[in-house]
Amino acid sequence: GIQDLEPLFLALEPPSEKGVGMAQYPHHPFQSAFVSPGGAAPGSVNRRTENSMLQAALAVQQLASGNEVGFRAPFPLRPCSEGLCKGLPKAAKGHLQPIPFLRNEAWDADSRLVLECPGIPYWQEPAGGNMLDIRFGEPKMEVHPGKRLRDLNEETFKRWPINKLRAALSRAERELGTNSEALPAVEKQELVDRLLRAVERGMLIEDEEEKEEPLIKFSRRISHHLPSLTKRWPHLARIAPLCALRAAGLVLRMQLQQLNESSAAQTENLQQSSQERAESMRVQQDESWRGALAEVHAGVLQQLGFVDLDPGACFDPSSGRNFGRCCSVGDYAAECWSQQMAQEMGFREGETAREEELRCCGSTSRRSTFGPEVVTSVAAQLGSASPKRPPPEVLIPAVEAWLQAPTGRDSNGHTLSGVLVEILAEEIQAEEVLHQQQRQLSRPVEKLTADIDALSRGPLAVSPGSGVAPGTREAWLPVPTLVASGGRRAVYATVAMSPQLLALDEAEAAAAAAEAKEGGAVEEVALDELLPSNEAGLQALEEEEKSPALRALQEAAGLLRVLDQRTEEKEDAGGWTRRDWQAAQQQKRQAAVLEQMACGPDGWAELKDAQQAMRNITRGSRIRIRWRSSEDVNGVQAVVEAPLILSGEPGVEVKVWELTVSSGPGAGGGGEY
């Protein structure tokens with residue numbers, strides 16, 4: 001159900017299949033199981049989830065009806081008190097009695113109990129970097145007859161009349177073993193406070209108005225005892241972690257939905273700004289190439305002996321003007337050599353900007369000394385760095401023209417450095433920029449979608465197979481009927497998980513995190529309490545209400561004691577002790593080792609049959625092979641490289657060994673067989 005935002009539920013319903021449904025058989029012995037999301041489509045419930053929800057629904061149904069039904073023909077019934085209900089906690093046995101009657105008629109809408117997970121608390125914790133941990137608390141579980149029960153809280157108690165408060169308080173304190181008449185309440189608020197304290201102590205508080213409705217009464221009681229039932233019955237305990245997983249799936253789906261919406265909104269904005277983005281990238285790329293041309297030009301001049309790149313002492317680093325910017329490329333001429341700039345920089349009186357450029361950038365010898373070898377080398381250097389890989393017949397003339405006049409212009413008025421940059425720089429299209437940005441935006445969405453889709457799904461448990469059209473076949477199960485109805489009425493069950501995420505504040509989140517780190521309560525039990533030695537202690541142990549884990553530990557300890565007693569009885573009857581038995585086993589092991597290690601006069605142990613060979617020959621063993629009735633008594637010596645299993649005839653496997661022959665006929669350089 002991770003891929004579907006609809007409620008996840010399994011419902012047991014009256015059969016509706018045409019011709020054999022409830023319309024033809026008013027007292028139908030079967031019920032149909034329906035799962036949503038179901039079918040073979042992506043997002044449907046897998047087998048494990050279905051089975052867990054089905055077992056929980058059957059447990060609620062059988063507990064309410066007081067009957068258990070077998071799942072093999074002829075589908076026998078037995079009282080719940082003889083099977084499932086034996087595991088009820090002691091405090092719940094008196095409350096969870098079978099539903100005695102149903103107020104509606106058999107032809108009315110079917111009676112139903114719903115085991116629902118309506119909400120789950122959660123909080124968020126930073127996990128470093130861009131990670132955020134979402135942690136879930138204990139899911140809220142309740143049973144209701146199709147409509148959620150009223151909350152019995154302080155506001156509800158304040159609306160009750162005093163007589164109703166006294167009656168509820170009397171029932172609660174009677175179970176506690178206290179006398180409510182000992183301290184008579186003078187004010188209504190005092191009765192409310194005492195009821196609230198009873199609720200905090202885990203007492204069952206019931207509304208007298210609900211006692212007239214059997215389904216509501218049973219729902220209130222089983223909801224109250226659900227925490228203790230989940231400790232005893234694992235098929236009910238699985239619903240809480242499934243609810244947490246469902247909530248996690250909803251978080252993933254909502255996160256994916258937000259990513260999709262954000263990606264769509266940003267894509268619309270990108271379409272409007274892609275042209276500006278492409279132009280900005282072109283400017284940055286051209287700026288980078290101009291810097292590269294300045295470095296290459298300065299390096300070539302230094303190699304030719306022009307070490308001083310500021311012969312006229314014109315450049316001041318604080319002004320932003322330097323030789324590479326003003327003398328290697330012509331795109332910054334307006335910034336470097338304008339008349340206004342000349343006045344600001346304090347050029348010589350009467351000197352024009354062009355004259356200042358010639359004085360600062362050096363004589364013409366710096367531009368006329370580039371031979372063909374230098375031009376070809378510079379073109380190769382720049383061409384290898386360009387992603388366009390321009391052809392030499394285009395690149396070399398442009399490099400030569402630029403080296404001879406770095407700040408010059410061509411016949412069309414374009415700077416020679418700008419022409420060279422246009423040849424070297426990669427073309428940037430607005431459509432390509434938009435496509436790349438869309439890919440970057442969609443990559444997180446695609447990754448999260450793939451991670452969710454990769455969650456494995458198993459075969460379905462009760463839903464129709466993938467080859468069956470939806471609605472053409474129902475999955476039937478035997479239905480347990482109410483004990484009091486004589487097999488004529490049934491209560492159907494539904495397990496639903498549609499949790500609402502309940503955010504905790506900082507204090508509640510800190511308390512929940514501390515409780516999760518503690519790992520639950522720890523019980524300290526003395527050995528005498530774990531396994532009493534007298535009958536009175538054993539009887540008290542059986543009557544005392546303990547946790548399932550402690551009871552299992554006590555049963556295991558009792559079984560070990562019985563096994564130990566039986567072992568001692570057998571030792572006494574046979575006249576031997578456990579130490580004698582251990583010594584005999586040790587002698588057998590030593591004899592087996594000596595038998596394997598026994599060697600002949602020549603230092604070799606002869607393997608008499610295939611069983612000995614399979615038991616003793618392993619990888620790295622040295623063996624000698626001799627042929628019977630052969631004159632060669634030494635045979636062939638070899639080392640076992642690896643045991644192999646080969647298949648010969650159908651159903652027959654043969655074990656062989658790969659050997660490296662070290663001596664004897666055919667040894668040569670160490671042949672392999």
Query raised in the report: Quick one: ring pair (Phe, Tyr, Trp, His ring centres under 6.0 Å) pairs with a partner in residues 209-245, sequence neighbours left out?
Result: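 Residue pairs passing ring pair (Phe, Tyr, Trp, His ring centres under 6.0 Å), neighbours aside: His95-His225, Trp233-His235.
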
Query raised in the report: Which residues satisfy the side chain to side chain donor-acceptor pair (under 3.5 Å) test with Lys164, sequence neighbours excluded?
Result: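 Counting only residues at least two positions away or on another chain, Lys164 forms a side chain to side chain donor-acceptor pair (under 3.5 Å) with Asp207.
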
Donor-acceptor contact present, side-chain [X] to main-chain [Y], <3.5 Å:
X      : Y      : result
Glu68  : Leu84  : yes
Gln500 : Ile120 : no
Thr156 : Asp151 : yes
Ser219 : Leu215 : yes
Ser223 : Val143 : yes
Asp133 : Glu125 : no
Arg112 : Leu12  : yes

Less than 4.5 Å apart, any side-chain heavy atom of [X] and any of [Y]?
X      : Y      : result
Arg166 : Leu191 : yes
Asn67  : Thr481 : yes
Leu196 : Glu154 : yes
Ser65  : Val491 : no
Val199 : Leu152 : no

Where is the tightest heavy-atom contact between [X] and [Y], given as atom of each residue plus distance?
X      : Y      : result
Ser32  : Pro14  : OG-O, 3.7 Å
Pro478 : Phe75  : CG-CD2, 3.8 Å
Pro89  : Leu229 : CD-CD2, 3.7 Å
Ile99  : Pro214 : CG2-CB, 3.8 Å
Ala57  : Ala493 : O-CB, 3.4 Å
Ala64  : Leu482 : O-CD2, 3.9 Å

Atom [atom1] in [X], atom [atom2] in [Y]: separation rounded to 0.5 Å?
X      : Y      : atom1 : atom2 : result
Leu58  : Leu63  : CG    : CG    : 12.0 Å
Lys90  : Ser228 : NZ    : OG    : 14.0 Å
Met497 : Thr49  : CE    : OG1   : 7.0 Å
Gln61  : Leu54  : CD    : CG    : 9.5 Å
Leu236 : Lys231 : CG    : NZ    : 14.0 Å
Ile205 : Leu165 : CD1   : CG    : 10.5 Å

Query raised in the report: Is it true that Lys86 and Glu82 make a salt bridge, defined as a side-chain N closer than 4.0 Å to a carboxylate O?
Result: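 Glu82 and Lys86: not salt-bridged.
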
Report summary line: In Lys217, Arg220, Arg221, the residue satisfying salt bridge (charged side-chain N to carboxylate O under 4.0 Å, His left out) with Glu206 is Arg221

Query - Mutual orientation of the aromatic rings belonging to Phe136 and Tyr122 [parallel < 30°, tilted 30-60°, perpendicular > 60°] - result: tilted

Requested in this report: Please identify each residue that fulfils side chain to side chain contact (heavy atoms under 4.5 Å, CB included) with Ala484, with sequence neighbours left out.
Outcome: none

Query raised in the report: Hey, are Gln189 and Asp193 close enough side-chain-wise for a donor-acceptor pair under 3.5 Å?
Result: yes

Requested in this report: Please report the C-alpha distance between Val35 and Met53 in whole Å, then the side-chain angles of each, then the deciding distance to 0.1 Å, and finally whether the side chain to side chain contact (heavy atoms under 4.5 Å, CB included) criterion is met.
Outcome: CA-CA 9 Å; Val35 184; Met53 297 171 67; 5.6 Å; no

